[in-house]
Enquirer: 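Mind looking over this structure? Questions follow.
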Amino acid sequence: MIVFDNVTKYYKSNVGLEKVSVRINKGDFVFLVGPSGAGKSTFIKLILKEIDATSGSIKVRGREVTTMSNRQVPILRRNIGIVFQDFRLLPKKTVYENVAFAMEIIHQPKKLIKKYVPQVLSMVGIASKANKYPDELSAGEQQRVAIARAVIQQPKVLLLDEPLGALDLKLRKEMQVELKNLHETLNMTFIYVTHDQEEALTMSDTVVVMNQGEILQQGT
């Protein structure tokens, strides 16, 4: 599914990644764990081709990303969903409209939008909030909207960048269970970025421990 082979990324004098090799299989739930500056965000940005590697090979679903043209990048990203810590919801759109927007921007028919948006809202437990605006929701509900928006296009890979960092402990524990159940239901490849080792050990199939751009350890 995703293969990093001896990947290095330099930012002028700083090291983003140093000779990183990782293989993530279809359907895996992988955690990238490490402190700030470990290279976790660089790893995610390289998958999305937001930045280019200095050297090495990156393959996503069998396609070489490092030599991919700018015209091919939107096709790559259609198969990748992403959930951020700060939700990034559109404040003037309802819950329904926020999730539907992810389908509208790739010109999906209205018939499909009307069919799939209620299904996904129900899956993440916020069907009753469809007509609410983001500022009328709790933090946990906002995160559920962000997850629904990320999975509505049925991507092959879901990137979760510190997705529960803005939630209190109780909500974080609840959402951990929800995400684990969602992974089992959707059978997507999940790549989850966190500095929380307990969270990683509780939820993941595989943990990749990073520091200063290097992989210190990886395994089940």
Side-chain angles (χ1 to χ4, degrees), residues 1-4 9 16-17 22 24 26-34 36 38-53 58-61 63 65 68 70 72-91 93 95 97-106 108 116-117 120-121 123-124 126 134 139-167 172 175-176 178-180 182-183 185-196 199-200 203-204 206 208 210:
M1 176 60 75
I2 297 173
V3 180
F4 276 53
K9 172 61 182 178
L17 291 182
V22 175
I24 298 172
K26 180 180 179 181
D28 281 354
F29 198 146
V30 177
F31 269 66
L32 305 180
V33 182
S36 297
K40 305 184 302 295
S41 293
T42 296
F43 191 98
I44 294 297
K45 289 177 180 178
L46 287 167
I47 291 174
L48 290 165
K49 200 172 169 62
E50 289 185 0
I51 57 175
D52 292 318
I58 301 168
K59 290 184 178 178
V60 177
R61 302 183 67 225
R63 300 188 64 187
V65 172
M68 188 174 286
N70 290 337
Q72 295 172 309
V73 172
I75 298 171
L76 167 76
R77 292 178 182 170
R78 283 182 191 175
N79 288 298
I80 302 173
I82 185 161
V83 180
F84 299 99
Q85 179 177 335
D86 57 359
F87 315 139
R88 302 191 184 183
L89 303 180
L90 301 169
K93 290 184 180 290
V95 167
E97 291 167 342
N98 262 277
V99 178
F101 185 70
M103 298 184 73
E104 291 168 355
I105 59 174
I106 59 170
Q108 291 282 9
Y116 287 121
V117 172
V120 173
L121 293 180
M123 185 190 305
V124 298
I126 51 169
E141 289 166 344
Q142 289 183 47
Q143 188 59 285
R144 283 180 165 86
V145 179
I147 292 167
R149 186 178 58 187
V151 303
I152 190 69
Q153 297 181 37
Q154 300 179 316
K156 305 300 181 184
V157 179
L158 185 63
L159 306 176
L160 301 114
D161 191 0
E162 299 274 7
L164 308 184
L167 306 182
R172 195 157 65 242
M175 287 302 298
Q176 286 175 6
E178 293 283 346
L179 283 171
K180 189 68 176 175
L182 191 65
H183 175 255
T185 300
L186 296 174
N187 196 31
M188 289 178 187
T189 302
F190 279 25
I191 301 175
Y192 193 118
V193 172
T194 187
H195 64 273
D196 188 331
E199 193 169 69
M203 298 171 64
S204 68
T206 303
V208 178
M210 304 181 70

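These numbers were taken from a predicted model, which means no experiment stands behind them.
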Enquirer: With sequence neighbours left out, write down each residue that passes salt bridge (charged side-chain N to carboxylate O under 4.0 Å, His left out) with Glu199, or none if nothing qualifies.
Expert: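 With neighbours one apart ignored, the set is empty.
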Enquirer: Output the distance between atom CG (Leu48) and atom CD1 (Ile80), rounded to the nearest 0.5 Å.
Expert: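 Reported value, rounded in 0.5 Å steps: 5.0 Å.
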Enquirer: Where the side chain of Lys49 meets the backbone of Val73, is there a donor-acceptor pair that is under 3.5 Å apart?
Expert: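 No: the side chain of Lys49 does not pair with the backbone of Val73.
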Enquirer: Is Asn98 reaching over with its side chain to a backbone N or O of Lys93, donor-acceptor style, under 3.5 angstrom?
Expert: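 Yes, the answer is positive, given that a donor and an acceptor are paired below the 3.5 Å cut-off.
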Enquirer: Measure from the side-chain N and O atoms of Lys156 to the backbone N and O of Thr189, and report whether any donor-acceptor pair falls under 3.5 Å.
Expert: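 Checking the backbone N and O of Thr189 against the side chain of Lys156, no donor-acceptor pair under 3.5 Å is found.
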Enquirer: So, taking the atom named CD in Glu162 and the one named NZ in Lys40, what distance separates them when rounded to the nearest 0.5 Å?
Expert: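 That separation rounds to 6.0 Å.
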Enquirer: Does any non-hydrogen side-chain atom of Pro163 lie less than 4.5 Å from one of Gln143?
Expert: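 SC-SC contact between Gln143 and Pro163 confirmed.
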Enquirer: Pair Leu89, Gln142 - check side-chain contact (heavy atoms from CB on, under 4.5 Å), show working.
Expert: CA-CA 8 Å; Leu89 303 180; Gln142 289 183 47; 3.9 Å; yes
Enquirer: Is Arg144 reaching over with its side chain to a backbone N or O of Ile126, donor-acceptor style, under 3.5 angstrom?
Expert: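 Not confirmed, Arg144 side chain does not pair with Ile126 backbone.
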Enquirer: For the atom pair CE (Met103) and CD1 (Ile105), what is the distance rounded to the nearest 0.5 Å?
Expert: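 Rounded to the nearest 0.5 Å, the CE-CD1 separation comes out at 11.0 Å.
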Enquirer: Count the heavy atoms of every other residue, nucleotide or ligand shown that sit under 6.0 Å from NZ of Lys59, and state whether that count exceeds 12.
Expert: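 Atom NZ in Lys59 is not crowded, with 12 or fewer foreign heavy atoms closer than 6.0 Å.
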Enquirer: Testing the basics here: between Met203 and Lys180, what is the closest heavy-atom pair and its distance to 0.1 Å?
Expert: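 Taking every non-hydrogen atom into account, O-NZ, 2.6 Å.
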Enquirer: For the atom pair CZ (Arg172) and CG (Asp196), what is the distance rounded to the nearest 0.5 Å?
Expert: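 CG of Asp196 is found 6.0 Å from CZ of Arg172.
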Enquirer: Test your reading of the model: is there a side-chain donor-acceptor pair from Arg78 to the backbone of Pro155, 3.5 Å cut-off?
Expert: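 Not at all, since once roles are kept as given, no pair shorter than 3.5 Å links the two residues.
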Enquirer: Please enumerate all residues that pass ring-ring contact (aromatic ring centres under 6.0 Å, His included) together with Phe31, with sequence neighbours excluded.
Expert: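 ring-ring contact (aromatic ring centres under 6.0 Å, His included) check on Phe31 returns Phe29, Tyr192.
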Enquirer: Give me the one residue out of Val22, Val208, Leu159, Ile58 that meets side chain to side chain contact (heavy atoms under 4.5 Å, CB included) with Phe43.
Expert: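 Exactly one candidate clears the test, Val22.
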Enquirer: Donor-acceptor pair, distance only, cut-off 3.5 Å: does the side chain of His183 make one with the backbone of Met188?
Expert: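 Checking the backbone N and O of Met188 against the side chain of His183, a donor-acceptor pair under 3.5 Å is found.
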Enquirer: Can you check whether Thr42's main-chain N or O pairs, donor with acceptor, with Lys9's side chain at less than 3.5 Å?
Expert: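 No.
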